4 protein chains.
Amino acid sequence: MGWWYAHCIGETPMSSRRDDVLARFQRVRERSLSLAAPLSAEDAQVQPMPDASPTKWHLAHTSWFFETFVLVPLGERPIDPSFAFLFNSYYEAKGARVERARRGLLTRPDLKTVLAYRAEIDQRVAHALVENRLGREALEVIDLGIAHEEQHQELMLTDAKYVLGTQPLQPAYRTDLEAARSGTAAPSNWVDFEGGIVEIGARAGELAFDCERPRHRVLVEPYRLATRPLCNGEVLAFIDDGGYDEASLWLSDGWATIQLEGWRAPLYWEERDGVWFQYTLGGVREVDPAETACHLSYYEADAIARWSCARLPTEAEWEHAASGVAIEGHFADDDRLHPRAADRDGLRQLFGDVWEWTQSAYAPYPGFRPLPGALGEYNGKFMSSQLVLRGGSCLTPRGHVRASYRNFFPPSARWQMTGVRLAADGGLS
Amino acid sequence: MGWWYAHCIGETPMSSRRDDVLARFQRVRERSLSLAAPLSAEDAQVQPMPDASPTKWHLAHTSWFFETFVLVPLGERPIDPSFAFLFNSYYEAKGARVERARRGLLTRPDLKTVLAYRAEIDQRVAHALVENRLGREALEVIDLGIAHEEQHQELMLTDAKYVLGTQPLQPAYRTDLEAARSGTAAPSNWVDFEGGIVEIGARAGELAFDCERPRHRVLVEPYRLATRPLCNGEVLAFIDDGGYDEASLWLSDGWATIQLEGWRAPLYWEERDGVWFQYTLGGVREVDPAETACHLSYYEADAIARWSCARLPTEAEWEHAASGVAIEGHFADDDRLHPRAADRDGLRQLFGDVWEWTQSAYAPYPGFRPLPGALGEYNGKFMSSQLVLRGGSCLTPRGHVRASYRNFFPPSARWQMTGVRLAADGGLS
Amino acid sequence: MGWWYAHCIGETPMSSRRDDVLARFQRVRERSLSLAAPLSAEDAQVQPMPDASPTKWHLAHTSWFFETFVLVPLGERPIDPSFAFLFNSYYEAKGARVERARRGLLTRPDLKTVLAYRAEIDQRVAHALVENRLGREALEVIDLGIAHEEQHQELMLTDAKYVLGTQPLQPAYRTDLEAARSGTAAPSNWVDFEGGIVEIGARAGELAFDCERPRHRVLVEPYRLATRPLCNGEVLAFIDDGGYDEASLWLSDGWATIQLEGWRAPLYWEERDGVWFQYTLGGVREVDPAETACHLSYYEADAIARWSCARLPTEAEWEHAASGVAIEGHFADDDRLHPRAADRDGLRQLFGDVWEWTQSAYAPYPGFRPLPGALGEYNGKFMSSQLVLRGGSCLTPRGHVRASYRNFFPPSARWQMTGVRLAADGGLS
Amino acid sequence: MGWWYAHCIGETPMSSRRDDVLARFQRVRERSLSLAAPLSAEDAQVQPMPDASPTKWHLAHTSWFFETFVLVPLGERPIDPSFAFLFNSYYEAKGARVERARRGLLTRPDLKTVLAYRAEIDQRVAHALVENRLGREALEVIDLGIAHEEQHQELMLTDAKYVLGTQPLQPAYRTDLEAARSGTAAPSNWVDFEGGIVEIGARAGELAFDCERPRHRVLVEPYRLATRPLCNGEVLAFIDDGGYDEASLWLSDGWATIQLEGWRAPLYWEERDGVWFQYTLGGVREVDPAETACHLSYYEADAIARWSCARLPTEAEWEHAASGVAIEGHFADDDRLHPRAADRDGLRQLFGDVWEWTQSAYAPYPGFRPLPGALGEYNGKFMSSQLVLRGGSCLTPRGHVRASYRNFFPPSARWQMTGVRLAADGGLS
């Protein structure tokens, strides 16, 4: 259940030279290490819920990917044959694998061994590049592996946040993160779009996952989008208005979920003596009303939208609005690791800050074709009971997202950096 | 979780005269009784799984509907105030209700009392009609109640089938049902559609549920539909080819489901000494290869489509194909209560025989507006994690379905009369 | 999991003449019918929890017992061969059987068919007796069958109470049961026993189940027993004193159970506006402080004993105290079907009113030998994780219990007619 | 749920001088560190099932015990106030605590911090001793803390075995452990005991847990005990004879458990190509038929005894037989950490090798009194649904057990070092 499964490969010619690939490969590999650096061996080991894989597993799995799909095809022998079993996530064609929910019980190999494994893989891939042993197709696979590792980098942050934020002491992941309050959020207004027959999906020649293809036409009726995602102040108003207690606001499954789980606020929120606090990667802080709201499930997003007399956008509406917008925003590289407030009026924060829930089920585009072989084996496997999210977040590496990018999660997921942008039907004024 | 929730109301002027409403009201009410007639008080009591409500509950709930929405607004006092609690299914605005999974434990009132309640309601509604106490709006509510009861009639059959077919003796529901084998199924061919900008949804002035509205334009690419749904012989070939053991054919959730549940064939199928048998409402019979296949979940439908190098249609593709076709077919009124084989070539069986899974998530149409008040309270409540099915089945009352009709179930449901029509992308030849 | 499993057979010569056996057989068979008479076919069908078997099942199972162990050995053919599968409870040697928790889903055969089956068995057994076709051993088996049916008669009452008392309307089982309040409970005092080497267990020549044998010596230290079981007033005091919220009073498993289940009072108790009400077989009544308390689990019995600075008796202490006492008391035949208050001082109510929890695990007596064959197959099967209860209750047929009688249930069971008699160490004054 | 809860305190005068206490304190504390030494920080973190607490938790909890019950009463401030919450196991009077099943998710404090905490506690206790700040009662508490830590040392081994032995690579805990096969087991014979009125329980003046008190008389009938526990060869014969498939050998709960869990051999056994292997703390080895069998649940012990036409002993029978026997045997200090074979005839292995299941439920002795205050708060809390085991094992520190020692576990537990000694009724020849 998650966008990390959306592996696929660019279909079009790639102009990257080897030097460029090597530089990007080394950069992404180093970044994973720096993300793991604040964590102890213990922090990197545990798995408090099946969806939150251990950091150690992420570090090993992303290395296994390069070994299996780049080095083994060169004739190199796997460094440890057992790793294919331990660190394969879902490629059935590549052999059996450890049950997902038991990843956190694999104490062997230990973190030190996994780091050594990583280092060895890095060296071998670099040698293969430097020695010109990799052809065009292998370079494309490395590009795919880089994108794959970027996906896991966001997961490393959300999963580590879950490890740290759900234990009694709630230790900060890092104590040096910017914590300044945001002031006042810019007002939320509507931006109108005429719609019509629009095109969505990745263009030929662009790097993209297969689920973003083929580019195709969609008929979109006139609609409006909010200039910014909802902020904490708006979520507080929903809470204060009894939103979590009003059945008529919720989808039937959503209502059942919040009863069963006892949800009365976004994940990581806690009320103490009438004041709301929130666990962030920088530790526990008072909830800042101006900040963009995050850690909301689809059920909550949908209920808050209904309470707001609005709705969630479709993915076509979102992508059409975003297609002319520069991919700028607040990403993981900005090293705040928590959403900011919207600081100005106008259509803002489409990219970065929070992934935005759409009302669109994750489904194949018309004419969708999965890739053959192990890399493509699971491309469409997750197209049931999941919703599409768009735009990337403050935990996404800059450069990883694009307008056509389709992230997806089940409607109950809320440990990801997810938020809400409202939409409405247009043409009514 | 089911289409019985899709209550809504015709928006357009209705020309039915009172006599017509009374005749249809009495016909539908009598038919429910005749459906319950073959069942003992015990058969009508139990609930082998939360989704399969007891027959007694269906009989009471449909009566409660007329009492609550027709008689009470006339100022009549409820026959028994506790029934609102016992037999309300989901209208929160009408008060609390019994937990769905516990309906089968309500031994009181007993069947005899429920039948007396029905008779009293029938008489009161008839009196109100004859005495001209009902206005135009109330007549519309009766029309809605008739459609509502027709929905429950199909559920009475599928739920009773589940009660009888999952106990050790597997008694027939009726022993007088036609059991002749079907001969040979007509061959399956493709029918091509050009697509384009098409309109789907209910037209103004048509009786329809609110989720079928508003009629709107959709862009559909060229596609093909199979002339008929899959037959048992094709499902047998999938089984014999190891389809239930080949992970690459299945959605990830589907694969997990069939492992957990141990599914190796459609519901009600059982192999004995190399021969496949199937429980039907007429009792256990050998599987007839020519008959249209039924009791398949979405997961199975999707896997068999993939194995067939095809896919499931979207609901827009289905409705576009069906919009010019006469609503003829094999319905519950034909009193076979089990699918037939396709008997001729050409696009057939769109209506009747089996509900056809589409790949479309059950979601609001652009511009969808739920009705105000209790009748509309839950109209959009079920728009998460469900797939649309189209066309009606051999358990649907004739006249109940139409091209725009949207049935919906979660992907794991298979106790309904569900089957598979293949689709493919067009424009490739 | 209950005492209905404790089938066994008298080991000693039996003097009953055929006439006597026939009379007792007919009496017990008729009594089962009269117990079922107030129930509808629906009431007799359902199973709200795995332990509470349907009345219809009890009626059929007790008949199957006579058919299988009396008639079939005579060469008679089973009336319906499928009944062995449907109504066998646990005799593995007699073939497979329906999963216990699914008994309530067997709508076929219906109640009418089961009653006809009973009548046919009754006639056949009577004929076999009248025609002198049964030898001494078969008469003993009938005696065992009578005791077996008496056990099921108590279960029919407790299980029907659970069916009726846990549904919203809480209908009375019978409206003609005595409901007068009890006045004041006699004061509770201690009775001292010297102990020593005492004998417990059934004597040779007595009718008894095998788990009551062999009679054997036990060393019992001086102890005291309360003159009467606890009354509702004492349970109310425990509740008012916060007993259900004080962890130190509870066994670890008990504390976990009451948290999980949300228990804050005995089963069937409910507080409304500060007044406690209690569902009885005669309907809902205000809790009478003087009445003997019932529907308490072992966990509650143990906690209340600790709160009372006392303990529960061992089964040897109980039996030693009871061995010189006449087996008189308030049984099912008194047709109140609810405990009475203790009306006089002195050691009272050892027999009847409520089964009394002991602190003794249900375990084999020294030298215990199960019987050979199907009747003995399961005799010791339940000797794990169950506690012994003694004395019979107001739902037990008069004549069924004796001082050596060992009933047993797991510590969390409370749908039986169970209560608490306090004990303490003696010899301290 | 285990014997580590049986904290209690010697009631009688203690002659230990401070030097002796200090020496034993330092020895037990160092031994815990040496047990943890072969484990990585990851190994010491995880908790594969609720009963198997992390090594890190054991190290911290045993330190918290000395801090709370020795240092805090001296007026010292807790080193970290949060540790009382994190590392308190069950003393409700000492404040809330972490849910047992979530101990493995506490990544903070990390292992390094816990080791520093241990070192600080060790130093402070030593100072308090050297500086004569501890009175007689405090010395007794230290003695209790030493016994408490010895209990946790056995758990550290069984829990670490479970961590390592249930992950795919099954790494050895230590590779330097003796692995020599045992040759042939000594034959198993019966030893007869006359019984009579015997005394069991700890004598006044002996160090013992409160559940071993008071010493009291029990009447024991003549019985026989096997000279040695069952060996693997006997378990293999049970398996080969279809013992795991024969319902009549099992308690009802036991049969349900082995079906649910799929047990077909003792824990850690696995068949590969017809040869049985067994995970040991020294790694995977072929099963040695002569070795004493271990990792058997009570259910299995009971079934194998029944298959052997024998039974399990009562705890009185066991203690009576052991009371005259020297407490010699194969303990953890012998550093094999796996049972040996019986090497000679005669009554052997009563102490050490494997804990021996008795048929006695863990219950209070007549006259049992829990201690007042936090140390005694939970003394009798576990006296439900557990069976007594006797004699210590090859994982128990030498000197920790005695004839009166009562260990206890629920009947399904098999991750402890548990085995089977047969018993039978005597006086029959």
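Because only heavy atoms are used, hydrogens play no part in the values below, and waters and symmetry mates are left out as well, while side chains stay in. Since the structure is predicted, the reported quantities are computational estimates derived from the model, not experimental observations. Chain identifiers are assigned alphabetically (A, B, ...) following the order of the sequence lines, protein sequences preceding nucleic acid strands; residue numbering begins at 1 within each chain.
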For this session: Step through it carefully: locate the ring centre of D/Trp318, locate the ring centre of D/Tyr223, and say whether they are under 6.0 Å apart.
Result: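 Ring centroids of D/Trp318 and D/Tyr223 are no less than 6.0 Å from each other.
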Testing the basics here: between [X] and [Y], what is the closest heavy-atom pair and its distance to 0.1 Å?
| X | Y | result |
| --- | --- | --- |
| D/Ile197 | D/Leu219 | CG1-CD1, 3.8 Å |
| C/Arg215 | C/Arg203 | NH2-NH2, 3.1 Å |
| C/Ser404 | C/Glu212 | OG-OE1, 2.7 Å |

Exercise. Hey, are C/Arg406 and C/Asp210 close enough for a salt bridge, meaning a charged N less than 4.0 Å from a carboxylate O?
Worked result: no
Problem set entry | Pick from C/Ser384, C/Ala361, C/Gly254, C/Ala363 with the largest number of heavy-atom pairs that fall under 4.5 Å of chain D | C/Ser384
Exercise. What option among C/Gly367, C/Ala424, C/Pro364 has the most heavy-atom pairs under 4.5 Å with chain D?
Worked result: C/Gly367
Exercise. For C/Tyr299, is it the side chain, the backbone, both or neither that has a heavy atom under 4.5 Å from a heavy atom of chain D?
Worked result: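 Side chain only.
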Exercise. In terms of heavy-atom proximity below 4.5 Å to chain D, should C/Leu312 be classed as side chain, backbone, both, or neither?
Worked result: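 For C/Leu312, no heavy atom lies under 4.5 Å from chain D.
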For this session: Heavy-atom pairs under 4.5 Å with chain C are the metric here; pick the option from D/Arg311, D/Arg306, D/His216, D/Arg217 that has the most.
Result: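 Top count of heavy-atom pairs under 4.5 Å with chain C: D/Arg217.
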